[in-house]
Number of protein chains: 2
Amino acid sequence: MATRRRASAAGGARRHSPVAPVRVEPHRCTALEKRRLLGATPFFSALGDGQLDEVAERFDQRNFTVGETIHRAGDPAERLSIVVAGQVKIARPTPDGQDVLLALLGPQEHFGSLLELGDAVYRDDAVAHTDCCVLSTGAESFHALVVRFPSVANAALALVAARLREAQATIEQLSTYPVPRRVAATLLALADRLGTIRPCVDSDDHRGVGNSGDGHDDEILIDATLSRQDLADMTGATVETVSRVLSDFRRRGWIDSGRQWVSVRDRASLKKVAHG
Amino acid sequence: MATRRRASAAGGARRHSPVAPVRVEPHRCTALEKRRLLGATPFFSALGDGQLDEVAERFDQRNFTVGETIHRAGDPAERLSIVVAGQVKIARPTPDGQDVLLALLGPQEHFGSLLELGDAVYRDDAVAHTDCCVLSTGAESFHALVVRFPSVANAALALVAARLREAQATIEQLSTYPVPRRVAATLLALADRLGTIRPCVDSDDHRGVGNSGDGHDDEILIDATLSRQDLADMTGATVETVSRVLSDFRRRGWIDSGRQWVSVRDRASLKKVAHG
DNA sequence: CGAGTCTTTGATTAGGATCAATTGCTGTGG
DNA sequence: CCACAGCAATTGATCCTAATCAAAGACTCG
């Protein structure tokens, strides 16, 4: 389904369509699918089929289309949600209008009231970053599951702890490193989480060979609609600065990028920048 | 025990001894004390005496003196610790030597392997910020408790979630606000967590009245040895900048400060700076 | 094709970092 | 009790990173 017109050669200017074919999925899960999807989730991976049924009946499914708001900061925090398809953006609105992008979640990842424990309201906006499908359950319902299945408690703890680690890494970045370094680190992290290999060499285009001998060919596309503004919100910088940094990286051949997309060409060099 | 020479009047220059009487406590808890201390902790507050005994026998007690290292980043992460007296500083060392102070923990607060779940090593240094007493247990031992007592699981989840919230607030601060605002917010947070009322008006000094009519008299001392460097590490700024900001706040009469201590005089004004 | 976004690039400014002394507090030892 | 060594804090001068302001180019979609 990827619409593309002329994915021109590697070296030169950026071209039209990014590489992210937006996939939509407006569907309704069967009970069976729900069970399967939840079972694939870190929360419930230790449970057997019978137990999963019990879990599944407590979860509701909802679909959202790009840009749709799932919840807003300030709303009563009453649901724990798990992304099963698509991507969800978690952003903290600040008084002065400048958002901070706290996470870009993909399938299997969770958001919502688990993080707001002991808190009455959400602290962040959750917005559908692509069309997406989400399974969610009430906070009490989830707590019942925690009590019933100790493995769920352990998993939840581990997941929140992992989030905390990420947050602390971000704090480290923000407090001590300059923007290019933060951008490099962010790109690498995104490539790890959302990267797909060899973007420019696929599709239905006829294609000679692909790599026209320009050094590296292990290009990794970050499979998300990623604007400069998003990157700025992730790194605590401004759009203009991010744009300048990306232009610089591009000039050096470390990345390739265009409207709403970035791909990593020279992981090693980025790593060097990201780690000192 | 507070040594002090001449705590001079309120208005003018800063004077000698801060106000923090350093208390030492090199002792050994009895089993009974251990039980009581653990029961006072958010982890185990829901448990009965019999259950607390079970918990207590899994915890060991250790004392540390100021500056002593409890664990270092890179050490195998094998213990969960709870501060019962004194303060512990959690700092993340960065490659280029500049530390990031992630937390300053007081009694009842925890650190260690709970946050490193699924991680083999500590990410941070833990250092005794004052003389202190710590109860700790092995990671497996703690997990056994989690499975045995669901309330412990819930408490642990809530505690880690609370840490995550703090971390996200810090990220918000770092990404979008200027230094004076961050410093103001940090001071307020410290005053809330570690503040003691009326510092200059206590001790065994004879004292006329105390407040010599200089506007506000709700002064709150931050009860910790707090260097400019510590503050800088908490706010992601440099010592010099923090010093300038504090001098400014002092000139305005919002705070009072000296070598290794700060007290808050005008909460309202600080709040105004901290929140826009 | 044209309106609306997103991106790039340039010029200017400002907030903090850095470099460099100087002053002030603390506790130690003569 | 006082002098001194050592560390913490202050203050000034300068430089540089990144924000801000401003405008033009690029891609998408209706």
Side-chain angles (χ1 to χ4, degrees), chain A residues 2-8 12-22 66-67 94 96-98 173-183 224-233 235-251 255-262 273, chain B residues 2-8 12-22 66-67 96-98 173-183 225-233 235-251 255-262 273:
Chain A
T3 48
R4 170 177 295 108
R5 265 171 297 187
R6 39 198 154 112
S8 60
R14 251 114 312 75
R15 42 256 79 114
H16 301 261
S17 41
V19 205
V22 239
V66 198
T94 64
D96 42 320
Q98 178 172 178
Q173 295 266 332
L174 286 171
S175 9
T176 57
Y177 305 134
V179 174
R181 185 162 172 176
R182 282 164 15 213
V183 171
T225 318
L226 194 70
S227 71
R228 302 296 180 267
Q229 184 65 59
D230 290 330
L231 275 172
D233 290 345
T235 54
T238 58
V239 198
E240 294 94 329
T241 301
V242 168
S243 178
R244 281 182 240 272
V245 169
L246 289 189
S247 294
D248 182 46
F249 288 178
R250 205 186 314 124
R251 236 169 270 130
I255 64 167
D256 198 3
S257 69
R259 187 193 172 95
Q260 318 241 64
W261 63 274
V262 180
V273 173
Chain B
T3 48
R4 170 178 294 111
R5 267 170 294 186
R6 32 192 162 120
S8 60
R14 253 116 310 76
R15 41 254 78 106
H16 302 262
S17 41
V19 205
V22 239
V66 198
D96 41 320
Q98 176 173 179
Q173 296 264 333
L174 287 170
S175 9
T176 57
Y177 305 135
V179 174
R181 184 162 174 177
R182 279 158 23 207
V183 172
T225 318
L226 193 70
S227 70
R228 301 296 180 267
Q229 184 64 59
D230 290 332
L231 236 29
D233 289 346
T235 54
T238 58
V239 198
E240 294 94 330
T241 301
V242 168
S243 178
R244 283 181 239 272
V245 169
L246 289 188
S247 295
D248 181 46
F249 287 178
R250 206 186 314 123
R251 238 169 269 130
I255 65 167
D256 198 3
S257 68
R259 188 193 171 96
Q260 317 241 64
W261 62 276
V262 180
V273 174

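We name chains A, B, ... by the order of the sequence lines, and we start the count at 1 in each one. All values below were derived from every heavy atom in this structure, side-chain atoms included, with hydrogens, water molecules and symmetry-related copies excluded.
- B/R181 is not listed as a side-chain neighbour of B/T235, based on a closest heavy-atom distance of 4.5 Å or more.
- In terms of phosphate contacts, A/T238 brings no side-chain nitrogen or oxygen within less than 4.0 Å of OP1 or OP2 of D/dA18.
- Remark: C1' of D/dC27 and CH2 of A/W261 are 13 Å apart, rounded to the nearest angstrom.
- By the side-chain hydrogen bond (donor to acceptor under 3.5 Å, both in side chains) test, B/Q229 is found to be paired with B/D233, residues two or more places apart in sequence or in another chain being considered.
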Enumerate the protein-to-nucleotides 10-13 of chain C contacts in which both atoms are nitrogen or oxygen and the separation is below 3.5 Å.
from: C/dG10; atom 1: N7; to: A/R244; atom 2: NH1; distance (Å): 3.0
from: C/dG10; atom 1: O6; to: A/R244; atom 2: NH2; distance (Å): 3.2
from: C/dA11; atom 1: N6; to: A/R244; atom 2: NH2; distance (Å): 3.3

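- Put simply, CD on B/Q173 and OG on A/S175 are 12.0 Å apart, with the number rounded to the nearest 0.5 Å.
- Rounded to whole Å, atom P of D/dA19 lies 11 Å from atom CG of A/L174.
- Closest approach to the B/R259 side chain among D/dT20, C/dG24, D/dT11 is made by C/dG24 (side chain taken as heavy atoms from C-beta onward).
- Taking every side-chain heavy atom of A/P180 into account, D/dA18 is the closest of D/dA9, C/dT9, D/dA18.
- A 4.5 Å side-chain heavy-atom check between B/R244 and B/S247 finds every atom pair outside the cut-off.
- In this structure, B/S227 reaches the sugar-phosphate backbone alone: every heavy-atom distance under 4.0 Å involves primed, P, OP1 or OP2 atoms, never a base.
- A straight line from CG of B/L226 to P of C/dC25 spans 18 Å, rounded to a whole angstrom.
- For the pair A/D230/A/S227, a side-chain contact is recorded, criterion being any heavy-atom separation below 4.5 Å from C-beta on.
- Considering every non-hydrogen atom in both A/A237 and A/V242, the closest pair reads CB-CG2, 4.2 Å.
- Between B/T241 and the phosphate of C/dG16, there is no side-chain N or O to OP1/OP2 separation shorter than 4.0 Å.
- Remark: A/R228 is in phosphate contact with C/dT7, judged by side-chain N or O atoms under 4.0 Å from OP1 or OP2.
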Quiz item: Would A/L231 and A/L246 count as a side-chain contact (heavy atoms from CB on, under 4.5 Å) if you check the C-alpha gap in whole Å, the side-chain angles of each, and the deciding distance to 0.1 Å?
Solution: CA-CA 10 Å; A/L231 275 172; A/L246 289 189; 3.9 Å; yes

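- Atom CD of B/Q260 and atom P of C/dT26 are 9 Å apart (whole Å).
- The nearest whole Å value for the distance from the CG atom in B/L246 to the P atom in D/dT10 is 7 Å.
- Contact annotation for A/R251: backbone-only contact, meaning every heavy-atom pair under 4.0 Å involves sugar-phosphate atoms and none involves a base.
- Rounded to a whole Å, the CZ atom of A/R182 is 7 Å from the P atom of D/dA19.
- At a threshold of 4.0 angstrom between heavy atoms, the contacts of A/S247 are confined to the sugar-phosphate backbone, with no base atom among them.
- The CG atom of B/D248 sits 12 Å away from the P atom of D/dT10 (whole-angstrom rounding).
- In this structure, the CZ atom of A/F249 is 17 Å from the C1' atom of C/dT9, given to the nearest Å.
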